A.B. asks: 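Sharing a structure here in structure tokens format.
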Amino acid sequence: MAEKITIKNGELCVPANPIIPFIRGDGSGPDIWAASVRVVDAAVAKAYAGTRALAWREVLAGERAFAETGTWLPEETMQAFRDCLVGIKGPLTTPVGKGTRSLNVQLRQTLDLYVCLRPVRYFQGVQSPVKDPSKVDMVVFRENTEDIYAGIDWQAGTPKAVRLLEILKTEFPEDFNKIRFAAATPNEIGVGIKPVSKSGSQRLVREAIRYAIRHHRKSVTLVHKGNIMKYTEGAFRDWGYELARTEFGAEPTGKGAWMRIPEGKPGAGIVIKDCICDAFLQEILLHPQEHDVIATLNLNGDYCSDALAAQVGGIGIAPGGNVNFDTGHAIFEATHGTAPALAGQDRANPCSLLLSAEMLLRHLGWNEAADLLNAAIATAIAQHRVTADLAETMPGTTALKTSQFADALIEIINGR
Ligand code: NAD
């Protein structure tokens with residue numbers, strides 16, 4: 001019987017037939033959804049021989065929701081994600097027009113999905129711009145609710161921007177004087193505010209360290225720009241180290257501010273270190289094997305996860321998840337857009353959605369099915385059984401249609 005996932009004492013309680021709300025997505029979303037759902041169901045069936053199955057429940061968002069209900073993100077959809085905790089979505093068209101917020105942002109904000117989770121790894125056979133992409137195996141925990149993304153960003157000359165500059169001028173003249181051109185042209189300065197809190201930073205770092213413990217990872221790197229923004233980015237780093245010490249018993253290693261979880265504690269041996277963001281972008285090219293789980297602020301996380309995805313040649317197939325580890329709410333998603341030119345043609349690559357489903361399975365603790373799915377994708381790519389976007393980069397490869405690629409994965413899963 002299909003049942004909802006619940007959460008008790010911070011742990012998900014997953015029934016044998018959990019209800020999983022899904023949004024098919026716009027553009028080529030329905031193509032990749034139709035292929036993905038068959039493959040995911042096959043992996044679950046193979047792993048658990050019929051004792052477990054996902055009970056998919058379709059919910060509407062985006063263009064189809066607008067056509068059928070007159071709203072882009074119906075309340076029933078929000079309610080389904082609230083009630084069922086864990087869901088998945090294809091790409092959605094961002095409605096164009098003043099005052100319409102991105103549907104992805106609305107989902108994240110309403111459910112307070114404070115971690116943007118991006119695993120980055122290399123699949124043998126995918127073309128990459130670096131010599132040895134197989135050295136990249138990282139999981140990025142990007143803070144999803146704060147930083148300059150909080151949305152406090154005022155246009156030059158608007159009453160709020162002008163008023164804020166006036167307040168600075170009268171209350172904090174030494175700061176006002178640091179703003180180049182403020183005295184000369186105060187109406188021509190846009191102003192943004194970058195909030196970074198201790199609670200927001202620590203809940204992110206806590207989950208990154210827990211993840212490292214659960215998945216037997218070697219280190220957690222706190223990526224920040226604290227040399228310049230001491231009380232936002234620098235504070236993120238300091239609060240991260242403080243949390244490693246107070247909640248995980250980490251001790252100084254003697255190397256900079258680095259810490260290590262000592263013997264006898266969960267996660268013994270895991271190193272907590274930090275790296276300034278610009279140096280980190282060099283590090284991922286020069287010494288990617290030195291970094292494992294990454295915990296970082298919103299803007300750094302945006303840059304780093306895209307740079308890492310490009311490094312393994314995986315921009316088009318990179319998966320993502322937005323998670324609140326306290327309430328258990330999570331929405332996994334294809335990270336690319338709706339690829340409207342491919343809509344309805346059975347040509348789009350479903351790997352990003354499939355790998356998001358793999359993350360979903362791991363989130364449920366269904367690791368056996370996740371492993372099968374991941375291995376099938378790796379095998380198909382290594383055998384050059386791929387869709388057109390990847391085939392283009394693999395000389396001598398004939399592209400499969402989306403549905404044929406799904407068939408190939410199911411064959412591999414079933415060992416045929
Ligand atoms: P896009 O990702 O849709 O397309 C960029 C390029 O990548 C195109 O050449 C496209 O054909 C290709 N591509 C994307 N997904 C592919 C796939 N699965 N298989 C093969 N090729 C693929 O980005 P865009 O054109 O900038 O945006 C189109 C729409 O998507 C916009 O409405 C945008 O707002 C929306 N969007 C949604 C999300 C999301 O829901 N997560 C993310 C980004 C953009």
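Being a predicted model, the structure only gives us computed values, none of them experimental. Ligands are counted one by one from 1 in listed order, and the atoms in each one are counted from 1 as well. These numbers come from the heavy atoms of this one structure, side chains and all, not from hydrogens, waters or symmetry mates.
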A.B. asks: Heavy atoms of the protein only: does one fall short of 4.0 Å from atom 6 (C) of ligand 1?
C.D. replies: no
A.B. asks: Identify the protein heavy atom lying closest to atom 25 (O) of ligand 1, giving its residue, its atom name and the separation to 0.1 Å.
C.D. replies: Pro340 CD, 4.7 Å
A.B. asks: Which protein non-hydrogen atom lies closest to atom 42 (C) of ligand 1, naming both residue and atom, and how far is it?
C.D. replies: His336 O, 3.6 Å
A.B. asks: Is atom 3 (O) of ligand 1 close to the protein, meaning a heavy atom under 4.0 Å from it?
C.D. replies: yes
A.B. asks: Could you say whether the N/O atoms of Leu92 and ligand 1 ever approach to under 3.5 Å?
C.D. replies: yes
A.B. asks: Select the closest option to atom 39 (C) of ligand 1 among Asn104, Leu342, Thr338, Asp31, judged by heavy-atom distance.
C.D. replies: Asn104
A.B. asks: Decide, yes or no, whether a salt bridge links Asp26 with Lys89 under the criterion of side-chain N to carboxylate O below 4.0 Å.
C.D. replies: no
A.B. asks: Under 4.0 Å between a Lys/Arg side-chain N and an Asp/Glu carboxylate O for Arg210 and Glu207?
C.D. replies: yes
A.B. asks: Below 4.0 angstrom, N of the basic side chain to O of the carboxylate: do Lys265 and Glu247 qualify?
C.D. replies: no
A.B. asks: Mind listing the side-chain donor-acceptor pairs of residues 115-130 below 3.5 Å, one per line with the distance, residues two or more places apart or on another chain?
C.D. replies:
{"residue": "Arg121", "atom": "NH2", "partner": "Glu358", "partner atom": "OE1", "Å": "2.8"}
{"residue": "Arg121", "atom": "NH2", "partner": "Asn374", "partner atom": "OD1", "Å": "3.3"}
{"residue": "Tyr122", "atom": "OH", "partner": "Gly125", "partner atom": "N", "Å": "3.4"}
{"residue": "Tyr122", "atom": "OH", "partner": "Val126", "partner atom": "O", "Å": "2.7"}
{"residue": "Ser128", "atom": "OG", "partner": "Val130", "partner atom": "N", "Å": "3.0"}
{"residue": "Ser128", "atom": "OG", "partner": "Gln311", "partner atom": "O", "Å": "2.8"}

A.B. asks: Per the side-chain hydrogen bond (donor to acceptor under 3.5 Å, both in side chains) rule, what does the pair list look like for residues 55-65, sequence neighbours excluded?
C.D. replies: Arg24-Glu58, Asp41-Trp56, Glu58-Arg64, Glu63-Thr93, Arg64-Glu68
A.B. asks: Taking both backbone and side-chain atoms of Gly337, is any N or O found less than 3.5 Å from an N or O belonging to ligand 1?
C.D. replies: yes
A.B. asks: One thing to verify: whether Asp137 and Arg217 come together as a salt bridge, which I'm taking to mean a side-chain N less than 4.0 angstrom from a carboxylate O.
C.D. replies: yes
A.B. asks: Nearest protein heavy atom to atom 19 (N) of ligand 1, by residue and atom, and its distance?
C.D. replies: Asn349 N, 2.9 Å
A.B. asks: Non-hydrogen atoms of Lys89 versus ligand 1: any pair closer than 4.0 Å?
C.D. replies: yes
A.B. asks: Tell me whether Glu242 is salt-bridged to Arg245, with the criterion being a basic N under 4.0 Å from an acidic carboxylate O.
C.D. replies: no
A.B. asks: So is Ala334 close enough to ligand 1, meaning a heavy atom under 4.0 angstrom away?
C.D. replies: yes
A.B. asks: Return the closest protein heavy atom for atom 12 (C) of ligand 1 as residue, atom name and distance.
C.D. replies: Ala339 CB, 4.5 Å
A.B. asks: Identify whether NZ of Lys or CZ of Arg in Arg142 sits under 6.0 Å from the centre of the six-membered ring of Tyr149 and within 45° of that ring's axis.
C.D. replies: yes
A.B. asks: Students often mix this up, so state it plainly: with edges at 30° and 60°, are the rings of Phe141 and Phe325 parallel, tilted or perpendicular?
C.D. replies: parallel
A.B. asks: Is there a polar contact between ligand 1 and Thr94, counting only N or O atoms under 3.5 Å apart?
C.D. replies: yes
A.B. asks: Does any N/O atom on Thr93 come nearer than 3.5 Å to any N/O atom on ligand 1?
C.D. replies: no
